[in-house]
Amino acid sequence: MQEPSAPDIAPDARPRLPRGVRLVHNAAQGGWVLLAPERIFRPDAVALAILQRCTGAATFAAIVDDLAVEFTAPRQRIGADVATLLRSLADKKLLEL
Amino acid sequence: MVAPAQESPPRPLGLLAELTHRCPLGCPYCSNPLDLDARADELDTATWARVMREAAALGVLQVHLSGGEPGARRDLEHIVAAAREAGLYTNLITAGVGISTARLAALAAAGLDHVQVSIQDSEAASADCIAGYDGAFARKRALAGDVVRLKLPLTVNAVIHRANIERVGAMIDLALALGAGRVEIAHAQYYGWALKNRAALMPAREQVGRAIAVVEAMRETHRGAIVIDSVVPDYYARYPKPCVGGWGRRSLNVTPSGVVLPCHAAATIPGLDFWNVREYALADIWTSSPAFNAFRGTDWMVEPCASCARRSVDFGGCRCQALALTGDARAADPVCHLSPHHAGLAELARSDADAAYVYRRI
């Protein structure tokens, strides 16, 4: 169960970056950047861990399972955090669900 | 005193490559300078390719291929390919007139990441009148269709001024209908041709207020469907914009003939020594050219900027606007309410009378 405030995302959704959005590592800029149409974002460590799993291969449920292990945190809380971030990214056209 | 700015300038994020000043349209708000570069003075393909490599090495992440109309360059595919090979994100900023379906497909194959097409209005007759080009509106719609069919992301850019400001909502809906994922509602900024045409372009304060309210409401109703970014009109503002994110902090412009500028209009400031990519490496220009260091940081400031708590927030606003409206490029941007010229600015905006367009032409 997710917290009531978390956006609803289907467990079998396979989030992926759309064409025109690229996650790249840039040494000169000192780390990972998300490049999008006329916008640049610098993901924090948590957002980066999520974005790196949004390849279109893994399902939302699998991504949450994976992150719950990696961050040794309760699956419910991770699920809510990931759903919130994914919805926010989708609203900004940075992610397809 | 902090260390001199030139010891450690931040690395730029974006490069505006003005590939040519040639353009079939004549938009009266064009940000190009009044004194346009001729075709014979344009950089060649190999030099642009070198600029792309040097930009990437300097830390630039995105290149905005603009002009003029970049499609007027027959080597645009090669420039896109060189930019992608260097690792840059490539953004084509086009008037949408003169790029065929086949040409766009070739650009996509060369690695183009994104297309921004301008529209002048939501109504064809008005749009073509503003562009000074019959049939432009229909051709832009066709190009937008091609972009979407190729599955490239599309941004629609709409410059807002007196002739179209009442249809700002219709322009957002047009962008959505065209399949754009993003729309820029860019209120005209008064430089270059727009400054020359200010009397014909400046909307009334009440119109600006209504347009901002429409955009704010549509940002909520269209959430998830289209991203709405806006450039607010600054003549009626209380604080100045941090122009280009601060002089020599985030971006640089390369003109068709290779001059490297901190912003579109910087060449209007007298006495600045700009360097050219034909003679210097881009990294040297960024760190050491006198023009980039002239207004970098805060040491150059005079009052009211020098002691202002916001001096590292808005960097005194825009140097070019300060020059154009006060005669002194070091003065506070008169958009700021602390500028002694601020009251006069509002008066200037209010008192502008109707006038005919001076179309942008080479």
Side-chain angles (χ1 to χ4, degrees), chain A residues 2 4-10 12-45 47-48 50-52 54-57 60 80-97, chain B residues 10-14 16 54-66 84 86-93 108 111-117 147-148 150-157 176 179-184 186 219-220 222-229 231 245 250-251 283 286:
Chain A
Q2 290 172 10
S5 60
D8 192 24
I9 293 176
D12 62 349
R14 295 175 190 273
R16 65 200 170 279
L17 303 185
R19 183 160 181 183
V21 179
R22 292 196 269 136
L23 182 67
V24 300
H25 188 272
N26 187 286
Q29 294 288 353
W32 288 91
V33 287
L34 187 66
L35 304 180
E38 300 180 65
R39 289 168 296 164
I40 295 169
F41 301 86
R42 293 180 192 273
D44 61 21
L48 178 64
I50 296 170
L51 282 165
Q52 285 174 324
C54 294
T55 60
F60 172 61
D81 288 351
V82 174
T84 300
L85 182 80
L86 295 187
R87 178 57 63 196
S88 160
L89 291 170
D91 282 350
K92 296 185 182 107
K93 297 281 180 182
L94 302 172
L95 191 82
E96 288 173 352
L97 286 168
Chain B
R11 289 177 178 272
L13 298 166
L16 183 74
E54 291 180 351
L58 181 56
V60 167
L61 298 169
Q62 294 186 323
V63 60
H64 309 286
L65 303 164
S66 183
R84 272 306 294 264
L88 296 170
Y89 184 103
T90 53
N91 175 26
L92 177 66
I93 299 179
L112 186 63
D113 284 297
H114 170 251
V115 177
Q116 180 200 110
V117 63
V147 172
V148 172
L150 285 166
K151 303 196 186 320
L152 284 168
L154 173 69
T155 288
V156 165
N157 168 277
L176 193 59
R182 180 170 171 273
V183 58
E184 285 180 0
R219 196 172 272 139
E220 292 309 312
H222 289 54
R223 184 174 299 283
I226 190 165
V227 175
I228 306 174
D229 285 333
V231 176
R250 286 194 198 161
S251 62
W286 176 255

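By convention in this document, chain letters (A, B, ...) are assigned in the order of the sequence lines, proteins followed by strands, and residues within each chain are numbered from 1. Everything numeric here is computed off the predicted structure, so don't read it as measured data.
At a 4.5 Å heavy-atom cutoff, B/L154 makes no contact with chain A through either its backbone or its side chain. At a 4.5 Å heavy-atom cutoff, the contact between B/R182 and chain A is made by side-chain atoms alone. Of the atoms belonging to B/L150, it is backbone heavy atoms, and not side-chain ones, that fall under 4.5 Å from chain A. Proximity to chain A (any heavy atom under 4.5 Å) is restricted, for B/L88, to the backbone atoms N, CA, C and O.
Heavy-atom minimum distance, B/R223 versus B/E220: NH2-OE2, 2.8 Å. Contact detail for B/A186 and B/N157: the closest heavy-atom pair is CB-ND2, 4.2 Å. Here the closest non-hydrogen pair linking B/W286 and B/S251 is CZ3-O, 3.4 Å.
Note: B/V227 leads B/I93, B/D229, B/V227 in heavy-atom pairs under 4.5 Å with chain A.
Of residues 31-39 of chain A, those residues with a non-hydrogen atom less than 4.5 Å from any non-hydrogen atom of chain B are, in numerical order, A/V33, A/L35, A/A36, A/P37, A/E38, A/R39. Taking non-hydrogen atoms and a 4.5 Å limit, the residue list of residues 14-23 of chain A in contact with chain B, ordered by number, reads A/R19, A/G20, A/R22.
Taken to the nearest 0.5 Å, the CD1 atom of A/I40 stands 4.0 Å off from the CD atom of B/Q62. Rounding to the nearest 0.5 Å gives a distance of 8.5 Å between CG of A/N26 and CZ of A/R42. Note that CD1 of B/I226 is 11.5 Å distant from CZ of B/R219, once rounded to the nearest 0.5 Å.
Side chains of B/V60 and B/E54 form no contact here, defined as non-hydrogen atoms less than 4.5 Å apart. By the 4.5 Å heavy-atom criterion applied to side chains, B/E184 and B/T155 are counted as neighbours.
Side-chain atoms of A/Q29 come within 3.5 Å of backbone N or O of B/G59 as a donor-acceptor pair. Side-chain atoms of B/T90 come within 3.5 Å of backbone N or O of B/G111 as a donor-acceptor pair.
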Tell me which donor-acceptor pairs under 3.5 Å the side chains of residues 82-92 of chain A have, and how far apart each pair is, sequence neighbours excluded?
| unit_1 | atom_1 | unit_2 | atom_2 | d |
| --- | --- | --- | --- | --- |
| A/T84 | OG1 | A/A80 | O | 2.8 |
| A/S88 | OG | A/K92 | NZ | 3.0 |

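With sequence neighbours excluded, the residues satisfying side-chain contact (heavy atoms from CB on, under 4.5 Å) with A/D44 are A/V46, A/A47.
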